[in-house]
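Each remark here refers to the structure printed beneath this line.
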Number of protein chains: 2
Amino acid sequence: MIRLLLAEDQAMMRGALAVLLGLEEDLEVVAQVGTGTEIVPTALEVRPDVALLDIELPGISGLEAARELSAQLPECRVLILTTFSRPGYVREAMAAGALGFLAKDGPVEDLADAIRRVLRGETVLDPGLAAATLRAAPNPLTSRERDVLAASEDGSSIADIAQRLFLSPSTVRNYLSAAIGKTGTRNKTEAALTARRNGWLA
Amino acid sequence: MIRLLLAEDQAMMRGALAVLLGLEEDLEVVAQVGTGTEIVPTALEVRPDVALLDIELPGISGLEAARELSAQLPECRVLILTTFSRPGYVREAMAAGALGFLAKDGPVEDLADAIRRVLRGETVLDPGLAAATLRAAPNPLTSRERDVLAASEDGSSIADIAQRLFLSPSTVRNYLSAAIGKTGTRNKTEAALTARRNGWLA
DNA sequence: CCGCACCACTGACAATTGTCACCGCCGGGT
DNA sequence: ACCCGGCGGTGACAATTGTCAGTGGTGCGG
C-alpha cells in the first residue's frame, strides 16, 4: 500500500484526486492539505511514501516545501503536480529534490502510474519539457530584482514599492530598469509578467 | 440517468471529475470538451440534460457558451463551475440563463447534488455569494473602456493598444483615464487588475 | 589581495503616462 | 427639439517611469 500526502489548494480538485487515487487498490491517501505551510508538519506526522505537491499554494510554495521535505524526510518521494510547465519551475523542482514533475494538462490516467514510478525511484519528467527547460535561459535576475518585480505585480507605483521594501525610489527604479533589460521587455508590467511566466519569481 | 456535458480546460481536472461523476449511479458523462468553442456543437449533438461549464476556457468563455446554449437548447440546464467567485461572473451567469453557480473551492461532495438540483429546476447559488454580488457595484465601464483595459492587461504601451484597436493614442489615454477613475485606481495596471477581479472584462 | 558581482543610492534627462478642458458626431429617450 | 451619454479625437500640462553614468560598501572566489 503506497501512502500518499496530497497538497492542492483548490478544494474540489483536491477532493476529486483523493477519491480517484483512493480507487486504486495499491494507493491510499493518508493526508490532504490545502496550504503550503501544512505540508512539512503533516508529512512528519503521517510519514507518507509519496508527497503529491501543487506549486501555487497559500503560505509557502510547493517548491519550498519540497526542499524542506527532502531535507527533513528524505525517504518521502516528492512528485510535483502543477498547472504551469514553466522552465523555472522544472529547474527548481529538480533542484529541490523532487523525483517527478507532472503537468495538470495531461490525462488523469498518468497520475497513478507516475506515483508508482517515483516510489520505485524513477524520475517522472516529460522529455520534451526537460529539453525545453534546458534550452531556456536560466533565471538571470538577482534576488533584489526578483523582490522588486514581485512587488510591482499588483500595479504598485515605484514609490509604493520603495516604501514596502524600505528602499529609495531611485534604487527601485534602477532594479526595475535592470529587470526590464534582462527580460527584454519595455516596462515594469511586461517585465513582471514575463518573469512570472518563466517561473523566475518567488 | 442524468446525461452530462463537461467543459473544463485542465485535462486532469476534467478527467478526474468525469470519473468521479461517473461513479454516481444516476449520472453519466456523455461528452467532455476542453474548449469553449466545442460546447454548443457538442451539446447539440449529444443533447445532455445538464452542462457543467468552466468559465475560463480557450475560445469563447463558458458564459458566452451558456448564453448560446440557453437560446439553442433551452431544455439543457447550465451549471457554471468556476475557480473565481467574481461578482461580475455571477451576474453574467444568471443573465446568461445558468441555473447554478458553483465555486471550485467547495467540497467535491456538493457537485453531484448540485447537478441533481439544477436538473429539478432549482437554483444553485451560495446565499453569501448572491448577497455579495448584489452588494457589489455593477460594471461601471463602457464597452470601449473594457476593450482598452483588456488590451492593456499584457503591459502594452498606450501606443501599442492604439494600434491594435485602430484608435488614436489620445483616445486610448482618455479611455484609460476614465477607467482609472471609475475603478478608483491610480494607473492602468491597477485598473486592469481590479476590473478583471470584478469580472468586468470579456 | 584583487576582481567581480551584488546591493544601495544620487542626480540628470527623456519618454511615457495620466489629467483636464474642449471639439464634433451619433443615437436614444422625453 | 432637446438633452444626455457614448464614441473618437486634439492639445497642454504635470506626474510617473525608464535610462544612464557614477558613487560606495559588502562578500566571495581565484
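These numbers come from a predicted model, not from an experiment. Chain letters run A, B, ... following the sequence lines, proteins first and then strands; every chain starts at 1.
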Side-chain contact, heavy-atom cut-off 4.5 Å: [X] with [Y]?
{"X": "A/Glu122", "Y": "A/Leu99", "answer": "no"}
{"X": "B/Ile2", "Y": "B/Arg116", "answer": "yes"}
{"X": "A/Glu56", "Y": "A/Phe84", "answer": "yes"}

Just to be sure I understand the geometry, which residues of [range] put a non-hydrogen atom under 4.0 Å away from DNA chain D?
{"range": "residues 160-175 of chain A", "answer": "A/Arg173, A/Asn174"}
{"range": "residues 181-200 of chain A", "answer": "A/Asn187, A/Lys188"}
{"range": "residues 143-154 of chain B", "answer": "B/Ser143, B/Arg144"}

What's the separation between atom [atom1] in [X] and atom [atom2] in [Y], rounded to the nearest 0.5 Å?
{"X": "B/Leu69", "Y": "B/Cys76", "atom1": "CG", "atom2": "SG", "result": "4.5 Å"}
{"X": "A/Glu145", "Y": "A/Lys182", "atom1": "CD", "atom2": "NZ", "result": "3.5 Å"}
{"X": "A/Leu149", "Y": "A/Leu201", "atom1": "CG", "atom2": "CG", "result": "6.0 Å"}
{"X": "A/Arg196", "Y": "A/Glu153", "atom1": "CZ", "atom2": "CD", "result": "4.0 Å"}

Under the salt bridge (charged side-chain N to carboxylate O under 4.0 Å, His left out) rule, collect the residues that match up with A/Arg3, sequence neighbours excluded.
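Once residues adjacent in sequence are excluded, A/Arg3 has no partner under the salt bridge (charged side-chain N to carboxylate O under 4.0 Å, His left out) criterion.
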
Quick one: list whatever passes side chain to side chain donor-acceptor pair (under 3.5 Å) with [X], sequence neighbours left out.
{"X": "B/Thr171", "result": "none"}
{"X": "B/Glu38", "result": "B/Thr35"}
{"X": "B/Thr183", "result": "B/Thr185"}
{"X": "A/Arg144", "result": "A/Asp147"}

Side chains of A/Gln10 and B/Thr83 only: does a donor on one sit below 3.5 Å from an acceptor on the other?
yes

Say whether B/Arg186 and A/Ser157, considering side chains only, have a donor N or O and an acceptor N or O under 3.5 Å apart.
no

Under 6.0 Å from the CD atom of A/Gln72, do we count more than 12 heavy atoms belonging to anything else shown?
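Enclosed: over 12 neighbouring heavy atoms sit under 6.0 Å from CD of A/Gln72.
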
Over 12 non-hydrogen atoms of neighbours within 6.0 angstrom of CD in A/Gln163
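12 or below, so no.
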
Quantified as the angle between the terminal helix axes (five pairs each), what is the overall bend of the helix from C/dC1-D/dG30 to C/dT30-D/dA1 to 10 degrees?
30°

Can you pull the contact range of chain A along DNA chain C, 5' to 3', using atoms under 4.0 angstrom from its heavy atoms?
C/dC6 to C/dA12

Just list the side-chain donor-acceptor pairs under 3.5 Å for residues 102-112 of chain A, sequence neighbours left out, or say none.
from: A/Lys104; atom 1: NZ; to: A/Glu8; atom 2: OE1; distance (Å): 2.8
from: A/Lys104; atom 1: NZ; to: A/Asp54; atom 2: OD2; distance (Å): 3.4

Base versus backbone protein contacts along nucleotides 24-30 of chain D [heavy-atom cut-off under 4.0 Å; B, S, -]
-------

